[in-house]
Amino acid sequence: MLEGHGVGLNFAVGTVWRVFRHETLPEWVKSHTTGTDAADEATALRAAISSVASDLDRLAAGADQTSAEIFEALKILLEDEELFGQAQENLLEGWSAAGAFGMAVNTFCELLSGESTLEERVADLQDLSRRVQAKLAGISLTLDLPATGEIILVAEDFSPADTAQFTSAVVGVITIGGGPTSHTSIICRAKGIAAVVAATAASDLQNGQQVLVDPVGDRVVVGGNANQATRAIEFKAGNSEPVITVRANVGNLTDAAAAARTSAQGVGLFRTELLYLNEKLQPSVQRQTTAYAEIFAASPAGPVVVRTIDVASDKPVAFLPLTHETTLAPESLGYRVLQEHREFIQSQLESIETARRQTGREVWVMAPMISSAAEAKDFCDLARSIGDFKVGIMVETPSIASEINRLEGIVDFVSIGTNDLSQYLFSVDRLNPAHGKLLSPWQPKLISTIAQIAKDALAGAIAVGVCGEAASDPLFAIVLAGLGVTSVSASPSQVDSVRDALASVDIETAKMLAARALAANSPESAKAQVLAALED
Ligand code: PEP
Ligand code: MG
């Protein structure tokens with residue numbers, strides 16, 4: 001049995017499918033060390049280039065028109081004869097195909113560097129160089145997952161580009177790294193894939209082993225079966241309406257359609273950055289508008305709360321690069337996007353406004369990672385000058401959490417992002433498996449911080465929601481209601497369970513349970529106290 005942090009309420013049984021990583025490409029060597037000559041290496045290089053070109057054709061065939069144009073442009077760069085000529089010179093100096101091509105790309109990049117408008121081309125060329133070198137080394141940069149069967153993926157962690165490649169054969173996911181609020185967790189919860197993250201002993205799992213992924217039990221059972229799965233508490237929705245509003249978190253059209261099949265009363269968090277993660281260049285207003293209009297139209301009835309782009313080290317966007325790479329702490333561009341790329345946020349808000357008018361939906365907008373009332377005012381003024389929205393901010397930094405009383409008259413609502421709020425409150429990286437316990441929503445300091453935010457918000461007539469992963473836990477959602485939160489937004493796969501939990505109690509019971517959680521001095525005791533009081 002392996003321990004970890006469970007994600008979601010459903011279990012899965014399947015066969016282990018390990019995803020191996022080859023993050024580092026082989027070092028460049030001279031061809032004489034491999035026993036080949038320049039002609040052999042030139043042939044290998046031509047073959048690798050044409051194979052990457054076919055990959056780009058395949059990607060273009062499955063993409064929308066603008067992305068297809070980008071893949072076409074990349075192919076032209078890749079097949080540039082001048083680039084090949086430069087590589088050939090390096091081959092004649094005795095370098096192997098990978099080294100010769102890598103160096104040729106570097107030479108081209110040096111020529112282009114310094115021109116800000118060509119920075120994108122430099123990044124594209126380096127990406128192509130990596131793909132060609134990977135082909136030459138026989139390394140696959142894609143996951144190549146089967147389309148049928150029932151597999152349980154096992155890896156260190158998965159990036160957004162990886163999760164986009166999950167097929168319907170993926171019934172479960174186990175990660176060695178990551179945490180309850182990491183990207184993998186959010187995506188698995190949204191797709192209803194059973195997951196256990198931060199299972200540090202999972203590196204011992206072997207391909208072909210049958211395992212039970214048991215999120216409710218926070219464990220993986222090797223050789224386990226469905227009978228051993230831990231069942232989630234079942235709440236009986238005795239009341240016709242939940243004590244507070246339940247909305248859904250979405251990131252794309254599929255999520256919006258899934259949310260519309262639940263009891264969600266609108267969307268409480270639309271993570272817009274997911275639309276831009278694969279974009280090399282900033283999309284036009286028209287393209288953004290089309291994407292927003294499609295998603296608004298598909299969303300469940302009720303308001304759609306759209307968050308402007310949130311760029312961070314775990315959510316990189318190519319055309320809005322982070323200013324420095326850091327391994328010391330999770331980095332977020334946060335409000336800096338608004339300062340440094342204001343024209344992009346304006347284009348985003350304009351697209352959202354046009355899509356709002358086209359679809360006739362009620363749209364609210366909010367900014368992520370706001371640190372002060374002054375930043376909040378800057379965003380709200382901008383948003384109100386562009387569209388007919390309710391305007392708010394996310395509360396995910398300790399600084400704004402203690403300044404809610406200054407937001408009166410500035411924002412219409414706040415939405416608490418417990419994922420980042422925990423990360424910054426406890427100074428722990430949400431991707432680091434060692435910090436799972438500090439990232440638990442049941443941490444007493446997180447609970448008392450939410451209580452304070454709710455109290456200050458209500459005093460200023462500001463609506464207060466929670467859209468972090470904590471709101472997808474049905475039992476915790478009852479505590480949130482008791483703390484004074486007025487709405488929660490959960491992952492589509494958990495909306496109905498959260499709603500049932502919130503329709504199983506009255507507000508007085510929720511308040512009593514919140515008081516129990518507030519009085520506890522550890523996450524374990526907070527949860528145990530609430531469960532015991534509920535059973536009484
Ligand atoms: C949060 O931080 O709680 C949140 C909802 O934002 P994200 O998970 O997208 O950073
Ligand atoms: Mg966040």
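Remember, it's 1-based here, ligands and their atoms both numbered in the order they're listed.
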Assess the residue pair Y292 and F270 against the criterion (ring pair (Phe, Tyr, Trp, His ring centres under 6.0 Å)); give the C-alpha distance rounded to whole Å, side-chain angles, the decisive distance to 0.1 Å, and a yes or no.
CA-CA 10 Å; Y292 288 122; F270 173 4; 5.8 Å; yes
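- In this structure, the separation between CG on L382 and CZ on R342 is 5.0 Å, given to the nearest 0.5 Å.
- The nearest protein atom to atom 7 (P) of ligand 1, hydrogens excluded, is given as K315 NZ, 3.4 Å; this is a heavy-atom distance.
- For the pair D420 and Q423, the minimum side-chain heavy-atom distance is below 4.5 Å.
- Taking the Mg ion (ligand 2) as reference, D420 places its N/O/S atom OD2 nearest.
- Ranking the protein heavy atoms by distance from atom 6 (O) of ligand 1 puts R307 NH1, 2.9 Å first.
- With ring centers used as reference points, F166 lies under 6.0 Å from F158.
- In this structure, R247 is positioned above the aromatic face of W364, its NZ or CZ under 6.0 Å from the six-membered ring centre and within 45° of the axis.
- Residue R430 places a heavy atom less than 4.0 Å from ligand 1.
- Residue D310 approaches ligand 1 through these ligand atoms, each under 4.0 Å from one of its heavy atoms: 10 (O).
- Within ligand 1, the atoms closer than 4.0 Å to a non-hydrogen atom of G468 are 3 (O), 5 (C), numbered from 1 in the order shown.
- Salt-bridge formation is not detected for the pair E362/R356: no Lys NZ or Arg NE/NH1/NH2 atom is positioned less than 4.0 Å from an Asp or Glu carboxylate oxygen.
- Heavy-atom proximity to M394, at under 4.0 Å, picks out these atoms of ligand 1: 4 (C), 5 (C).
- Residue contacts with ligand 1 for L269 involve side-chain atoms from C-beta outward but no N, CA, C or O (heavy atoms, distance under 4.0 Å).
- Distances from the Mg ion (ligand 2) to the N/O/S atoms of E396 are shortest for OE1.
- Listed by number with element, the atoms of ligand 1 under 4.0 Å from a non-hydrogen atom of I186 are 8 (O).
- Here the side chains of M394 and V414 are not in contact, with every heavy-atom distance at 4.5 Å or above.
- No part of L421 comes within 4.0 Å of ligand 1, judged by heavy-atom distances.
- The CD atom of Q265 sits 6.0 Å away from atom CD of E241, with the distance rounded to the nearest 0.5 Å.
- In summary, the atoms of ligand 1 found under 4.0 Å from a heavy atom of C467, numbered by their order in the structure, are 5 (C).
- Closest of all the heavy-atom pairs between A514 and V479 is CB-O, 3.7 Å.
- Counting only non-hydrogen atoms, the option in R271, E469, E396 that gets closest to atom 2 (O) of ligand 1 is E396.
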